[in-house]
Amino acid sequence: MATFEDVLAAAAPVTRTVPLCLAGDLQAEWEDLERQRRELATRPADSLAGGGGELREIAERMNALREQMQAKTVVFRIQGLPKRRWSDLIAKHAPREQDKAEGLDYNADTFPVAALAACCVDPELSEEQAARLVDDILTNGQWALLWRAILEANNRAVDIPKSVSV
């Protein structure tokens, strides 16, 4: 039979990781190269404009670009808070009437940023830094990924993964 000490020894907060490439300009370059690659790939192989050498050059440029994008990717490590700390954080950012009307139990303007600062363990962020990240750097799509990870880390149980087949 497990003791409480055994339970404590096995416990770890729910953690999610969110890799975000923060160099959006490189995404445009990638899309341009991908478009060129698809165009060349549709040309008949036996034509003079088959583009075998061009395809190789584009593939090499894409691989180099992929490495640049990976270098500019930050993996945000989000950890769920203990139940009481999460509910205290929500209470600290009480909903306004408009939030309640939308079915939220928190202030939609202040709570998500505070939750990011509280839950992001790598990189560590102050609330001011979290606000700057959300307001000045991330796109809506990137923020949605981070916010989803925060909600999942605090509101979902840990699921045992299925077996992986090779």
Side-chain angles (χ1 to χ4, degrees), residues 11-82 85-86 89-90 93 102 104 106-166:
V14 175
T15 304
R16 300 283 190 260
T17 57
V18 182
L20 296 177
C21 178
L22 300 179
D25 57 333
L26 298 180
Q27 180 68 37
E29 287 182 53
W30 176 269
E31 290 168 0
D32 287 341
L33 289 171
E34 176 63 19
R35 210 172 2 263
Q36 292 172 36
R37 187 196 63 78
R38 278 194 316 267
E39 183 182 305
L40 284 171
T42 61
R43 293 183 186 166
D46 60 345
S47 77
L48 291 175
E54 285 180 87
L55 272 173
R56 233 180 338 277
E57 180 185 322
I58 288 174
E60 288 170 5
R61 287 171 53 199
M62 289 177 82
N63 284 330
L65 190 57
R66 180 182 293 113
E67 289 177 15
Q68 289 176 44
M69 291 175 80
Q70 286 173 334
K72 303 252 180 173
T73 295
V74 176
V75 178
F76 290 85
R77 189 169 194 79
I78 305 296
Q79 278 188 353
L81 302 175
R85 188 162 167 224
W86 179 253
L89 188 62
I90 290 173
H93 297 273
E102 293 179 24
L104 300 176
Y106 56 81
N107 182 311
D109 286 339
T110 63
F111 176 71
V113 169
L116 174 61
C119 296
C120 191
V121 295
D122 188 21
E124 288 185 16
L125 301 169
S126 67
E127 279 194 43
E128 182 180 310
Q129 292 167 327
R132 187 166 172 220
L133 180 70
V134 171
D135 294 338
D136 300 338
I137 298 170
L138 300 180
T139 65
N140 284 335
Q142 290 169 321
W143 171 235
L145 292 172
L146 267 178
W147 180 235
R148 184 176 311 120
I150 292 165
L151 292 175
E152 287 178 356
N154 285 285
N155 296 305
R156 290 193 58 196
V158 175
D159 299 324
I160 298 174
K162 303 247 188 268
S163 176
V164 177
S165 302
V166 179

Worksheet item: Which one of Val134, Leu20, Leu151 satisfies the side-chain contact (heavy atoms from CB on, under 4.5 Å) criterion with Leu146?
Response: Leu20
Item to complete: Carefully, step by step, assess Glu34 and Arg38 under the rule salt bridge (charged side-chain N to carboxylate O under 4.0 Å, His left out).
Response: CA-CA 6 Å; Glu34 176 63 19; Arg38 278 194 316 267; 3.5 Å; yes
Worksheet, complete the sentence: Nearest heavy-atom approach of Pro19 to Thr17 is CD-O, 3.8 Å
Discussion item. The test is side chain to side chain contact (heavy atoms under 4.5 Å, CB included); show your working for Leu22 and Gln142 and say whether it passes.
Written reply: CA-CA 9 Å; Leu22 300 179; Gln142 290 169 321; 4.0 Å; yes
Discussion item. For a quick test of reading the model, state the closest non-hydrogen atom pair linking Leu116 to Ala130 and the distance between them.
Written reply: CD2-CB, 3.8 Å
Got a list of side-chain donor-acceptor pairs under 3.5 Å for residues 64-79, not counting sequence neighbours?
from, atom 1, to, atom 2, distance (Å)
Arg66, NH1, Asn63, OD1, 2.6
Thr73, OG1, Met69, O, 2.7

Worksheet item: If every non-hydrogen atom of Pro112 is compared with every non-hydrogen atom of Trp147, which pair is closest and at what distance?
Response: CA-CZ3, 3.5 Å
Response to the item:
CZ of Arg37 to CZ of Arg61, rounded to nearest 0.5 Å, is 13.5 Å
Practice prompt. For residues 136-157, pull every pair meeting salt bridge (charged side-chain N to carboxylate O under 4.0 Å, His left out), keeping only residues two or more places apart or in separate chains.
Written response: Arg16-Glu152, Glu152-Arg156, Arg156-Asp159
Worksheet item: Salt-bridged, Arg56 to Glu60, with N to O below 4.0 Å?
Response: no
Worksheet entry | Exercise: identify the closest heavy-atom pair between Leu81 and Cys119 | CG-SG, 3.8 Å
Worksheet item: Near Asn155 CG, under 6.0 Å, is it more than 12 heavy atoms from other residues, nucleotides or ligands?
Response: yes
Worksheet item: Rounded to the nearest 0.5 Å, how far does CD1 of Ile58 lie from CG of Leu40?
Response: 4.5 Å
Discussion item. Under the rule for side chain to side chain contact (heavy atoms under 4.5 Å, CB included), what residues qualify as partners of Thr42, not counting sequence neighbours?
Written reply: none
Practice prompt. Measure the spacing between CD1 of Ile150 and CH2 of Trp86 and express it to the nearest 0.5 Å.
Written response: 7.0 Å
Discussion item. Nearest 0.5 angstrom please: Ile90 CD1 to Arg85 CZ, how far?
Written reply: 12.5 Å
N/O donor-acceptor pairs under 3.5 Å from side chains in residues 24-33, not counting sequence neighbours:
from, atom 1, to, atom 2, distance (Å)
Gln27, NE2, Glu31, OE2, 3.1
Asp32, OD1, Arg35, NH2, 2.4

Worksheet, complete the sentence: Ala118 and Leu89 have their tightest heavy-atom pair at CB-CD2, 4.0 Å
Discussion item. Test of understanding: with side-chain hydrogen bond (donor to acceptor under 3.5 Å, both in side chains), list the residues that count as partners of Asp122, not counting sequence neighbours.
Written reply: none
Worksheet entry | By side chain to side chain contact (heavy atoms under 4.5 Å, CB included) - contacts of Thr110 (at least two apart) | His93, Asn107
